[in-house]
Student: 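Below is a structure I'd like to ask you about.
No hydrogens, no waters, no symmetry mates; every other heavy atom, side chains included, goes into these values.
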Amino acid sequence: MNSIKQVPTRVRSRRVEANLGAEREHFEKQQLSSISKAINSTETPVKEKHARRIILGTHREKGAHTFWSYALGLPLAGSSVLSWKFCHVLHKVLRDGHANVLQDCMRHHSSIVEVGKLWGNLHDRYGQLVGLYTKLLCTKMEFHTKHRQIPPNLEVTDEVLERTAGTDINNVFQLTVEVFDYMDAELKLADTVIRQLNSSIAITSLTSGQCRLAPLIQVIQDTSHLYHFTVKLLFKLHACLPADTLQGHRERFHEQFRRCDLKDFLIRHSLFFVSDQAPPNFLHAAALAKHVKPVVVIPDEDEPEQQDDDDDDPEPLIEISDASTSSQMDIFDQTFGPPNGGFDDRDLQIESLKRDLELLRAELERIKAEAQRYVTQLKSQINSLEAELEEQRAQKQRALVENEQLRMELEALHRRNVDHESVQMSYIEAEKRSQATEQRYNKLKEKHTELVASHAELLRKSADTVRMLSATQQTQDEVERTKHQLSFEIDRVKQESDMKLEEQKFEMEKLRRELEEKMAEVTRIKANLQSSEKQASSSMTALQAEKERLMRSVSEKEAELSSLRQAAQVQQSSLQQEQEKNTRELGELQGKLKDKASQEEQLKQKLLDEQFALLQGTITEAEDIIQDAVAKLDDPLHVRCTSSPDYLISRAEATLSSIDKVKKGHADYLRNMGEAGGLLRALTQFSHLAADTIINGSATAHMAPTDHADRLTENCRGCATQSLQYLKDLKTKTTLQRADPASIRIVVQKILHLGQELRPKGMDVRQEELGDLVDKEMAATSAAIEEAVRRIDEMMNQARKDTTGIKLEVNERILNSCTDLMKAIRMLIIASTDLQKEIVEGGRGAATIKEFYAKNSRWTEGLISAAKAVGWGATEMVESADKVVLHTGKYEELIVCSHEIAASTAQLVAASKVKADRHSKKLSVLQHASRNVNERAANVVASTRTGQENLEEKDTMDFSGLSLIKLRREEMESQVSRGDGFNCKHFYFFYSNDLNHQVRE
């Protein structure tokens, strides 16, 4: 009983599992169907219902596992259209899918990058678009992975944006740069799509044009939010940083604002884009209040759910397919199986499926283990390579540090050498000062010797003076003795003889005078002795003081000299030690420097080898590109490709400029073989431009005459041959020096000359003559209009003279309407001339009028063509009117001429309007004149048809006197002359049979 009760529970669990498995299988089948229908190689836009089901699938499984499991199996490398539609669907899934879609897509980031690189390097109409779209998707995923607060649909409030930017001005600056890069990726894709559609013959209303334009809706939705982010962040930066620092940001914003003009696309797809009419002024903070947050409004369009096949049916909410049959089944059989103990085949199937499932699980585990092992090995290899890379970087860093240390040590050694030289100079100066001091010491010593000699001389003089003084004293003593003797003799003489008194007196007087003289002389000698003693004592005192002073200075100089000698000896010993140390350090540094120089030589040689290997790889790639271009010359599918001579000329001129760059890069590489960047860039550009020239030359030859086509094809092959030979010379070091692209230049110049010969002859007018030609054509058109008015007046006067009645009335009505039309055309010519003057004055700047016309040569040629057409139409209309009045022409010719004049004036208005300002008053005057011309042309047609009908009613023939044969003949001739649409032979055959039948009757 217990087992019986448990059976329904197990059965119900099995049924639940079966239902879940069936539901999962149905979901995967539906997703596979939607993905295969949305992403295919058909050049049609992705249907919204398929993309919507894929997006709902991501929300249902909360991720994009199913989408990527099927997307990885798509042949993205085989079809550029399929890759383009894959990028479109992925963009939609990122924007509108589940939040976990971003993480799932980041796991396949490398696959998206590889697809973009593949198609970006191939020459395909969608290849460039796929490369740009993959870059945009990678930028989008990286940006939103870094800034998790901002979802991929960019719909956030200003508070979230402020919180993401933060308060650090460096983070705000970095976020602004990332938003700029994001915006550039979006705008570059949009510009490329629009440029391809404008330059090709694709029509946007067709599926091929819609296939390219469809992703721009998501691009515009993204750019509207990015524009708002940029404005908010730039105002925040201007509030914290000076204006000069943000000059580059403002210029970049203005460039992006200019590129955001997609009004034609918005109108074509019924989109509404509300934003600023002019870029905001970031230098005024109040301008933020005038900023309008851009809004993109997509109108709701009920897309008809067309069922392509049976797999496209919507998923039923309730399964009712087996409701009737299930109600008739026995519940017991449904629960316990068939009666009478029968065996159910489903059990065998279940068991076999279980065994297969176990085998598959074991196989899956084995594959997972092997994959894990491979992943582990690859990770270990990656780790080892990263370790080697880090080691190389560390060695490079150590080498740089050692180089810097050696440089610093060399500078320190240089400084020490300079200090050593300065010390040597100070030592030499000290030696010079010591020699000067010794010389002064010798001089002082000589002076001292002289002073000692002079002192000895003075001492000798003093001794002589003392001797003289002693002699003077002796003389005085002798005088005293003589005096005593004289007094004794006087007394004796007085006593001896009185007689001799007078003689004695005389003698006495004589002696007295002699004595006085002697006494005066003694007194003078004494005074001289006293003064000489005083002088000798004072000179001795001065000489003694001078001697003491000199002795002190000599002792000081000797002490200073001894100290200087000791300092010089110490300095000399320290200098000798420092010199020996510097010599040892210099030897060590020279050894290290030699080792470093050898390492640098090895690194330089390695760098040269790497640069040359890189050059060889670039040359190989360039050879492949040119060989691919040459292979297309013989490709039968390329026969249907055509090109214009103008485009061939532009490609040839670009190739010539690239040859100059290659030559310059070659010369720079020969001067410095360690830097091959310029030559690599020049070779890459040259290979692509040369391949474009070869392909477009062959495509131009398909539409050229036989002679020119043969020569052009031969020169294209010669260009390829010379280019490959030049690249071969660059590829080896032996021929690298003598490689010369002069032969390539000659062949490309021949292609350029052939392209110029194939240009239409109407373009031979020199651009300097375009300005004069415009004025001449406008003047000629005005003169033609005046001449037409004059001739119509003459025809009016002549018709009044020659005709009367209804014919005169018809002719006057036709001629008056023609005159009104000519006057309206003359007013149109005047308005067009005024508008052209305004355009030229507003657009030429500092250039002359002729330079403006030459610069805008295509617009000028359009004006000339339109003016010629108007003048020719006026002349033809006058001729047709003259024939109608003279009854030698047809009314239909006049009607056709009026239509042609209306078309020519419309061409003139379009040519004048293309460069005019939309708000120009003269443009409105021109448009009014154009409408007036159309009305007058309609009046001409109406008056012509009315006159024709009136004349036909007046000329109704009287057939009463005609026979049946004449009546039929007149009717036939009338209808043949009118040209009512029957073929003349058919008409004559039909009516001749009818006439024969009437005659027989």
Side-chain angles (χ1 to χ4, degrees), residues 95 132-133 135-136 139-140 143 147 150 153-158 161-162 164-165 172-198 213 215-269 271-298 842-843 845 914-919:
R95 279 188 54 84
L132 294 175
Y133 212 165
K135 288 181 182 178
L136 168 60
T139 303
K140 186 179 185 70
F143 178 83
H147 305 286
I150 302 176
N153 59 5
L154 298 170
E155 295 178 359
V156 294
T157 60
D158 294 341
L161 180 62
E162 290 287 335
T164 303
V172 178
F173 192 93
Q174 182 64 28
L175 180 59
T176 307
V177 173
E178 292 174 0
V179 172
F180 273 135
D181 296 338
Y182 198 169
M183 190 80 163
D184 282 336
E186 301 273 359
L187 293 177
K188 190 172 182 180
L189 176 61
D191 293 343
T192 306
V193 171
I194 298 300
R195 186 172 64 251
Q196 282 195 5
L197 290 177
N198 292 336
L213 285 174
L216 294 193
I217 296 176
Q218 282 72 39
V219 171
I220 292 173
Q221 290 176 339
D222 288 345
T223 53
S224 63
H225 295 289
L226 292 175
Y227 172 79
H228 178 64
F229 293 170
T230 307
V231 173
K232 298 290 288 184
L233 293 173
L234 282 178
F235 272 111
K236 188 171 184 179
L237 285 175
H238 279 80
C240 301
L241 296 177
D244 295 337
T245 305
L246 301 172
Q247 178 66 28
H249 278 43
R250 290 197 300 275
E251 292 176 355
R252 192 173 181 183
F253 175 82
H254 290 159
E255 176 65 20
Q256 290 184 353
F257 186 88
R258 182 187 63 79
R259 293 168 59 190
C260 281
D261 190 9
L262 297 173
K263 294 180 179 179
D264 295 336
F265 176 79
L266 297 174
I267 294 171
R268 190 181 299 118
H269 290 268
L271 303 176
F272 302 96
F273 184 85
V274 181
S275 181
D276 300 326
Q277 297 298 326
N281 188 1
F282 298 106
L283 301 179
H284 298 284
L288 179 60
K290 300 178 183 179
H291 168 63
V292 179
K293 184 176 180 179
V295 178
V296 178
V297 181
I298 303 176
V914 70
K915 283 189 174 293
D917 187 7
R918 291 186 301 172
H919 305 291

Student: Could you pull out all residues at least two apart from Glu255 that satisfy side-chain hydrogen bond (donor to acceptor under 3.5 Å, both in side chains)?
Tutor: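 side-chain hydrogen bond (donor to acceptor under 3.5 Å, both in side chains) check on Glu255 returns Arg258.
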
Student: Would you call Leu234 and Leu246 a side-chain contact if the rule is heavy atoms closer than 4.5 Å?
Tutor: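 A side-chain contact is absent here, since even the closest heavy-atom pair is not under 4.5 Å.
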
Student: Who pairs with Glu162 by salt bridge (Lys or Arg N to Asp or Glu O under 4.0 Å), at least two apart in sequence or on another chain?
Tutor: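 Scan of Glu162 (salt bridge (Lys or Arg N to Asp or Glu O under 4.0 Å), adjacent residues dropped) gives Lys236.
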
Student: Is a donor from one side chain sitting under 3.5 angstrom from an acceptor on the other, for Gln221 and Arg95?
Tutor: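 Gln221 vs Arg95: donor-acceptor pair found between side chains.
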
Student: Is it the case that the side chain of His147 and the backbone of Phe143 share a donor-acceptor pair, with hydrogens and angles ignored and the cut-off at 3.5 Å?
Tutor: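 Such a contact is absent between His147 side chain and Phe143 backbone.
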
Student: Rounded to the nearest 0.5 Å, how far apart are OH of Tyr133 and NZ of Lys188?
Tutor: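 Interatomic distance, Tyr133 OH to Lys188 NZ, rounded to 0.5 Å: 16.0 Å.
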
Student: How far apart are the closest heavy atoms of Leu136 and Ala185, and which atoms are they?
Tutor: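 Reported closest heavy-atom pair: CD1-CB, 3.9 Å.
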
Student: Minimum heavy-atom separation for Tyr182 to Thr139, with atom names?
Tutor: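 For Tyr182 versus Thr139, the nearest heavy atoms are CA-CG2, 4.1 Å.
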
Student: Drop me the distance from Leu233's CG to Leu161's CG, to the nearest 0.5 angstrom.
Tutor: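 Rounded to the nearest 0.5 Å, the CG-CG separation comes to 5.0 Å.
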
Student: Quick one: sort the Phe282 and Phe253 rings into parallel, tilted or perpendicular, breaks at 30° and 60°.
Tutor: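 If you compare the ring of Phe282 with that of Phe253, the planes turn out perpendicular.
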
Student: How long is the gap from CD1 on Ile194 to CG on Leu189, to the nearest 0.5 Å?
Tutor: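 Here the interatomic distance stands at 10.0 Å.
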
Student: Excluding sequence neighbours, so at least two apart, what forms salt bridge (Lys or Arg N to Asp or Glu O under 4.0 Å) with Arg250?
Tutor: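 Applying salt bridge (Lys or Arg N to Asp or Glu O under 4.0 Å) to Arg250 gives none.
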
Student: CE/Met183 to CZ/Arg252 distance, rounded to the nearest 0.5 angstrom?
Tutor: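 Between Met183 CE and Arg252 CZ, I get 11.0 Å after rounding to 0.5 Å.
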
Student: For the pair Asp181 and Lys135, find out whether any cationic side-chain nitrogen is under 4.0 Å from an anionic carboxylate oxygen.
Tutor: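 Lys135 and Asp181: not salt-bridged.
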
Student: Mind running side chain to side chain contact (heavy atoms under 4.5 Å, CB included) on Thr223 and Leu187 for me, showing each step along the way?
Tutor: CA-CA 8 Å; Thr223 53; Leu187 293 177; 4.2 Å; yes

Student: Considering only heavy atoms from C-beta outward, does the side chain of Leu237 approach that of Thr245 to under 4.5 Å?
Tutor: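 No - every pair of side-chain heavy atoms lies 4.5 Å or more apart.
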
Student: What are the two closest heavy atoms between Ala243 and Leu283, and how far apart are they?
Tutor: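 That would be CB-CD2, 3.6 Å.
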
Student: In chain order, what residues pass the salt bridge (Lys or Arg N to Asp or Glu O under 4.0 Å) check against Lys232, with sequence neighbours excluded?
Tutor: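 Checked Lys232 against salt bridge (Lys or Arg N to Asp or Glu O under 4.0 Å); matches are Asp158.
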
Student: Quick one, Gln256 with Leu226, criterion side chain to side chain contact (heavy atoms under 4.5 Å, CB included). Give me CA distance, side-chain angles, the key distance, then yes/no.
Tutor: CA-CA 11 Å; Gln256 290 184 353; Leu226 292 175; over 6 Å; no

Student: According to ring-ring contact (aromatic ring centres under 6.0 Å, His included), who are the partners of Phe180, at least two apart in sequence or on a separate chain?
Tutor: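 Applying ring-ring contact (aromatic ring centres under 6.0 Å, His included) to Phe180 gives His249.
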
Student: Looking at residues at least two apart in the chain, or sitting in another chain, which of them share a ring-ring contact (aromatic ring centres under 6.0 Å, His included) with Phe229?
Tutor: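 Phe229: no ring-ring contact (aromatic ring centres under 6.0 Å, His included) contacts found.
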
